[in-house]
Participant: 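Structure provided below as structure tokens; questions to follow.
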Number of protein chains: 2
Amino acid sequence: MVHDPEVPAGHRVVDEGRRTGPGASLEDVARLAGVSASTASRALNNHPQVAAATRERVLTAAAGLDYVVSPDASRLAGGISRTRVAVVVPHLSRWFFGRLLEGLEAGLHEAGGAGVDVLLFLVGDVAGRRAFFEHLPARRRVDAAVVVGFEVDEAERARLELLGVHIVSAGGPREPFPSVTVDDHRAGRQAVDHLVHLGHRRIALLASEDPADRGPDLRSAAYRDALADAGLELDEDLVVRVPFGASGGADGMGRLLGLRRPPTAVFASADEIAAGAMRTLRRAGLRVGGDVSVIGIDDHPIAETLDLTTVAQPVHEQGVVAGRMVRALLGSGPPEPVASRVLPTHLVLRSTTGPPP
Amino acid sequence: MVHDPEVPAGHRVVDEGRRTGPGASLEDVARLAGVSASTASRALNNHPQVAAATRERVLTAAAGLDYVVSPDASRLAGGISRTRVAVVVPHLSRWFFGRLLEGLEAGLHEAGGAGVDVLLFLVGDVAGRRAFFEHLPARRRVDAAVVVGFEVDEAERARLELLGVHIVSAGGPREPFPSVTVDDHRAGRQAVDHLVHLGHRRIALLASEDPADRGPDLRSAAYRDALADAGLELDEDLVVRVPFGASGGADGMGRLLGLRRPPTAVFASADEIAAGAMRTLRRAGLRVGGDVSVIGIDDHPIAETLDLTTVAQPVHEQGVVAGRMVRALLGSGPPEPVASRVLPTHLVLRSTTGPPP
DNA sequence: AGTCTGACCGCAAGCGCTTCCATCCGCTTC
DNA sequence: GAAGCGGATGGAAGCGCTTGCGGTCAGACT
């Protein structure tokens with residue numbers, strides 16, 4: 001196939017362009033060490049029944065030949081080389097997901113262990129999502145799966161079940177898998193209650209209309225509950241759904257400002273939306289935190305940059321914990337009981353909230 | 001091994017909770033279809049020598065049993081199921097990397113194809129990076145690798161070579177692999193030249209000191225060259241290196257403002273740094289774009305939010321093109337010649353740059 | 001000295017597939 | 001009508017590894 005004589009030496013031309021690397025075989029190692037393949041295998045896998053000297057010889061031979069077991073053969077034969085974990089995620093360019101994945105990766109690789117391979121599955125758009133659950137490309141190739149930051153419906157759950165492996169959900173809804181997440185309803189309450197305590201009575205909601213991402217919109221529900229508890233009437237004009245992101249927030253804020261009686265405070269269901277809202281407010285000549293208060297959720301880096309008051313959630317940690325959970329389910333890692341975890345969120349006071357003017 | 005009479009036929013038990021899913025075997029399918037395993041295999045792999053009727057029967061049987069080939073066995077036997085691609089990336093929480101990966105994923109899966117599995121390798125911190133190149137966990141498990149957004153030194157390149165597979169670099173330096181990237185020097189020039197054309201004479205540089213990420217700091221080099229070409233003297237006081245990110249930019253700007261003769265314009269080597277700088281300027285009561293101009297690079301979403309003038313680079317597209325390149329190298333995909341590509345960048349005028357006061 | 005006991009190791013049987021090669025059969029060819 | 005012929009299929013040999021089982025040989029016993 002690919003065959004380019006121009007390639008500089010050292011650039012090995014991969015035969016067929018597809019085999020998984022060159023490599024010495026177990027047999028080669030065994031021969032060099034003067035033992036049988038079985039013994040070599042046992043030595044390499046640290047079985048107790050090989051003499052220390054022999055093991056040493058095998059190890060040396062392996063090192064010399066730069067030997068690496070074929071994971072395919074190993075698995076086929078029943079040996080479990082490294083475990084493979086599927087990570088199913090809808091976005092990668094959003095901070096939340098990337099950050100959570102970083103944590104997940106850390107949690108998965110923590111404390112040595114045999115090693116874990118992470119297979120990435122992106123199910124962003126509807127087509128990709130449908131394709132994923134329909135064809136289940138992860139089938140037969142992973143030992144566990146982590147669903148990151150989105151909700152699966154009943155049909156999808158059923159498909160996923162077909163994988164026949166443990167499934168963990170991270171940064172998403174609590175059901176229907178063992179999960180590690182935060183209480184979005186509580187986070188929403190923390191945000192809105194803060195505004196209420198400051199004395200605001202006309203509080204608007206700028207919520208992401210992205211349906212699937214995080215499941216039932218607990219943050220919006222919290223908004224309603226908080227208002228109700230505060231004895232504030234819900235004004236549907238103050239509830240605006242926007243596409244996720246800063247432009248969504250900017251547009252939404254524009255709509256809000258067009259109201260006969262604009263809000264004195266805005267609860268954005270995500271910092272990125274809040275950022276957009278702030279932009280609109282600034283352009284309108286309003287002082288954020290003075291004329292209009294704005295609060296978000298997540299503690300996205302942009303929140304610090306904008307000095308935005310927000311409710312922080314431990315994103316990285318959710319990933320780490322989920323990673324540990326996977327290892328526990330897989331039998332590696334600490335034998336801690338595997339139970340869903342809800343991590344705490346907390347209010348981060350900055351400059352964008354204050355008493356109503 | 002496992003032999004549980006209680007289990008419905010065909011549903012092999014998942015022993016140990018670690019085997020890769022349950023599943024019917026080729027043999028099961030063959031039996032059900034009334035043919036031999038060889039024929040079943042041929043039918044499933046679309047070999048031309050099976051009678052249409054037979055193929056049909058096998059396909060039906062397979063569908064009925066919900067059969068999926070064992071990728072391990074298939075590869076071992078020499079059949080190539082799906083190709084596997086390693087994606088080596090230093091960060092995930094930064095927009096650039098996440099966005100590029102989204103593109104990469106798209107490019108890899110474009111136009112059907114047999115399917116590609118993406119193995120993720122995070123080499124963020126030095127420890128992880130060293131571990132990756134030392135142990136080469138991707139060995140024997142991938143058919144190609146993509147290095148995203150960072151430079152590998154000679155030793156690392158040599159190690160990578162051991163993978164024995166095609167390697168592509170995306171969003172990083174042009175060497176030493178076939179790559180798809182942008183001309184960072186040119187981008188830098190576009191930014192600084194813009195400031196020069198506006199009439200600025202005291203232009204500061206706020207550069208990320210993150211050493212490894214993008215290789216030789218072409219953007220900074222461009223700054224120097226642009227000044228030289230404009231006949232402006234380089235004032236080392238105006239060159240500030242900061243940790244990547246908004247806080248870095250904020251601090252750096254603070255230092256700049258402390259100068260006896262502060263700059264009238266700032267070139268930040270990344271939008272996120274520019275964002276931090278803007279914050280500092282605002283807090284200092286300076287009008288960004290009026291009193292001090294700021295320009296970044298990347299066209300990160302935050303640039304739009306902040307109305308930041310910047311030099312845009314096609315991040316998603318770099319990923320897509322790299323994905324196609326990998327497919328081409330692997331022999332799938334369009335047989336386009338595989339050559340490194342440098343994608344264009346362009347100035348995006350917004351409100352943070354203007355003539356000096 | 002003869003036998004027993006382990007510790008070590010090799011044999012061989014697979015794991016679930018793919019593929020070479022031989023086989024079988026219904027037809028075309030002379 | 002016999003000899004070919006090619007299309008369709010089954011048999012069997014692996015791919016590279018793990019592992020149950022049994023064999024060896026050096027002591028440890030009595």
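Worth knowing before you read on, the calculation uses all heavy atoms, side chains too, and leaves out hydrogens, waters and symmetry mates. Lettering of chains follows the sequences in order, A, B, ..., and the numbering in each one begins at 1. Note that the structure is a prediction, hence the values are computed from the model and not measured.
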Participant: Kindly assign one of parallel, tilted or perpendicular to the pair A/Phe132 and A/Phe121, based on the angle between their ring planes and the thresholds 30° and 60°.
Facilitator: tilted
Participant: Given C/dC17, is OP1 or OP2 found less than 4.0 Å from the side-chain N or O atoms of A/Arg140?
Facilitator: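 Yes, such a contact exists.
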Participant: How long is the gap from CZ on B/Arg327 to NE2 on B/His109, to the nearest 0.5 Å?
Facilitator: 9.5 Å
Participant: Rounded to whole angstroms, how far apart are CZ on A/Arg31 and C1' on D/dC17?
Facilitator: 15 Å
Participant: Mind calculating the distance between CD (A/Gln49) and P (D/dG23) to the nearest angstrom?
Facilitator: 17 Å
Participant: Once you apply a heavy-atom cut-off of 4.0 Å, does B/Ser70 come out as touching a base, just sugar-phosphate, or nothing?
Facilitator: sugar-phosphate
Participant: Of B/Ala73 and B/Pro48, whose closest DNA chain D nucleotide lies nearer the 5' terminus?
Facilitator: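 Mapping each residue to its closest nucleotide by heavy atoms, the 5'-most match is B/Pro48.
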Participant: Rounded off to whole Å, could you give me the NE2-to-P distance for the A/His47 and D/dT19 pair?
Facilitator: 5 Å
Participant: Is B/Ser74 touching bases, backbone alone, or none of the nucleic acid, heavy atoms closer than 4.0 Å?
Facilitator: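 Here B/Ser74 touches the backbone only, sparing every base.
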Participant: So, OP1 or OP2 of C/dC8: does either fall under 4.0 Å of a side-chain N or O from A/Thr39?
Facilitator: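 Checking C/dC8 against A/Thr39, no side-chain N or O comes under 4.0 Å of OP1 or OP2.
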Participant: Between C/dA12, D/dC17, D/dT9, which nucleotide has the shortest distance from any of its atoms to the side chain of B/Ala51?
Facilitator: D/dT9
Participant: Would A/Asp143 and A/Arg84 pass as an ion pair if we require N to O under 4.0 Å?
Facilitator: no
Participant: Does any donor-acceptor pair link the side chain of A/Arg42 with the base of D/dG20 at a separation under 3.5 Å?
Facilitator: yes
Participant: Using atom CG of B/Leu44 as one end and atom P of D/dT9 as the other, report the distance to the nearest whole Å.
Facilitator: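 One finds 13 Å between P of D/dT9 and CG of B/Leu44, rounded.
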Participant: Give the rounded distance in Å between these two atoms: CG of B/Leu65 and P of C/dC17.
Facilitator: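 In whole Å, C/dC17 P lies 12 Å from B/Leu65 CG.
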Participant: Thinking salt bridges, do B/Glu154 and B/Arg157 make one under a 4.0 Å N-O criterion?
Facilitator: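 A salt bridge links B/Glu154 with B/Arg157.
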Participant: Mapping B/Ala40 and B/Ala77 to their closest nucleotides on DNA chain D, which lands nearer the 5' end?
Facilitator: B/Ala40
Participant: Taking 4.0 Å as the cut-off, does a side-chain nitrogen or oxygen of A/Thr54 come that near to OP1 or OP2 on C/dC8?
Facilitator: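 For C/dC8, neither OP1 nor OP2 has a side-chain N or O of A/Thr54 closer than 4.0 Å.
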Participant: When the distance from CZ of A/Arg82 to P of D/dC17 is rounded to whole Å, what number comes out?
Facilitator: 16 Å
Participant: Whether the side chain of A/Ser25 and the base of D/dG16 hold a donor-acceptor pair under 3.5 Å is what I'd like checked.
Facilitator: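 In this structure, the two groups form no donor-acceptor pair.
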Participant: Roughly, in whole Å, what's the span from CG in B/Asp72 to C1' in C/dC17?
Facilitator: 11 Å
Participant: With the threshold set at 4.0 Å, does a side-chain nitrogen-carboxylate oxygen contact exist between A/Arg324 and A/Glu110?
Facilitator: yes
Participant: Would you kindly give the CG-to-P distance between B/Leu76 and D/dC15, to the nearest whole Å?
Facilitator: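 Atom-to-atom, B/Leu76 to D/dC15, this comes out as 10 Å.
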Participant: Respond yes when some side-chain nitrogen or oxygen of B/Ser41 is under 4.0 Å from OP1 or OP2 of C/dT18, and no when none is.
Facilitator: yes
